[in-house]
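Beneath this line is the structure, given in structure tokens, with notes to follow.
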Amino acid sequence: MFFYTEVDGNKDHYISTESEFSPNSLKFYAEPGQHYFFRQFIKWGVFVGGADVEQMPEVTGKADIARLQMAVPGTCSSTPPQAETLK
């Protein structure tokens, strides 16, 4: 899955993810008309893994998402959905 969103150019933006240990943020400057790709992944710790995020080259990002489906934006919650909403 991947997410797509448009952001304002000539401006700093943050990509963030959170894990059990700490939030992880990446700051980038968006230039108008450019595409930026970021990958979220699990980094391994001593006992368990945690989420992290990194910027990828455009050519790599385009190749990677060509085989994926675009996710539908929504609201994430730490509360699991009720069984009746999963039907």
Side-chain angles (χ1 to χ4, degrees):
M1 288 280 171
F2 71 95
F3 291 95
Y4 170 85
T5 189
E6 292 185 13
V7 297
D8 294 331
N10 296 321
K11 189 175 178 183
D12 286 327
H13 295 276
Y14 291 88
I15 300 292
S16 299
T17 186
E18 189 173 327
S19 70
E20 291 183 28
F21 307 110
S22 64
N24 301 292
S25 294
L26 181 66
K27 180 180 171 181
F28 74 101
Y29 181 81
E31 295 183 18
Q34 298 298 309
H35 296 106
Y36 297 90
F37 294 84
F38 301 89
R39 178 178 79 98
Q40 182 178 357
F41 62 97
I42 300 297
K43 62 180 176 181
W44 298 107
V46 175
F47 298 106
V48 296
D52 203 356
V53 63
E54 68 181 356
Q55 188 170 357
M56 302 174 61
E58 184 174 359
V59 67
T60 305
K62 284 183 176 181
D64 286 349
I65 67 168
R67 57 187 171 82
L68 301 174
Q69 294 181 356
M70 186 164 51
V72 176
T75 302
C76 295
S77 172
S78 61
T79 305
Q82 298 300 318
E84 50 276 356
T85 62
L86 297 176
K87 294 180 182 177

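Just so we're clear, the structure is a prediction, and the values are computed from it rather than from any experiment.
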Do [X] and [Y] belong together in a cluster built from hydrophobic side chains that touch within less than 4.5 Å?
| X | Y | result |
| --- | --- | --- |
| Y29 | Y14 | no |
| F37 | V59 | no |
| I65 | M70 | yes |

key: Enclosure of Q34 CD (heavy-atom neighbours >12, cutoff 6.0 Å)   =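 Yes.
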
query = Can you tell me how far the CZ atom of F2 sits from the CZ atom of R67, to the nearest 0.5 Å?
reply =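 Separation between the atoms: 11.5 Å.
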
request  = Please round to the nearest 0.5 Å and tell me the distance separating atom CD of E6 and atom NE2 of H35.
outcome  =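 Going from CD on E6 over to NE2 on H35, the span is 8.5 Å.
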
request  = Take V53 and F41, measure what side chain to side chain contact (heavy atoms under 4.5 Å, CB included) needs, and give me the verdict at the end.
outcome  = CA-CA 6 Å; V53 63; F41 62 97; 5.8 Å; no

inquiry  = Using the ring-ring contact (aromatic ring centres under 6.0 Å, His included) criterion, which residues pair with Y36? Sequence neighbours excluded.
reply    =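 Here the qualifying residues are F28.
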
task = Would you confirm whether N24, through its side chain, and A51, through its main-chain N or O, come within 3.5 Å as a donor-acceptor pair?
result =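 It does hold such a pair.
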
L26 vs F38, side chain to side chain contact (heavy atoms under 4.5 Å, CB included): CA-CA, chis, key distance, verdict = CA-CA 9 Å; L26 181 66; F38 301 89; 3.6 Å; yes

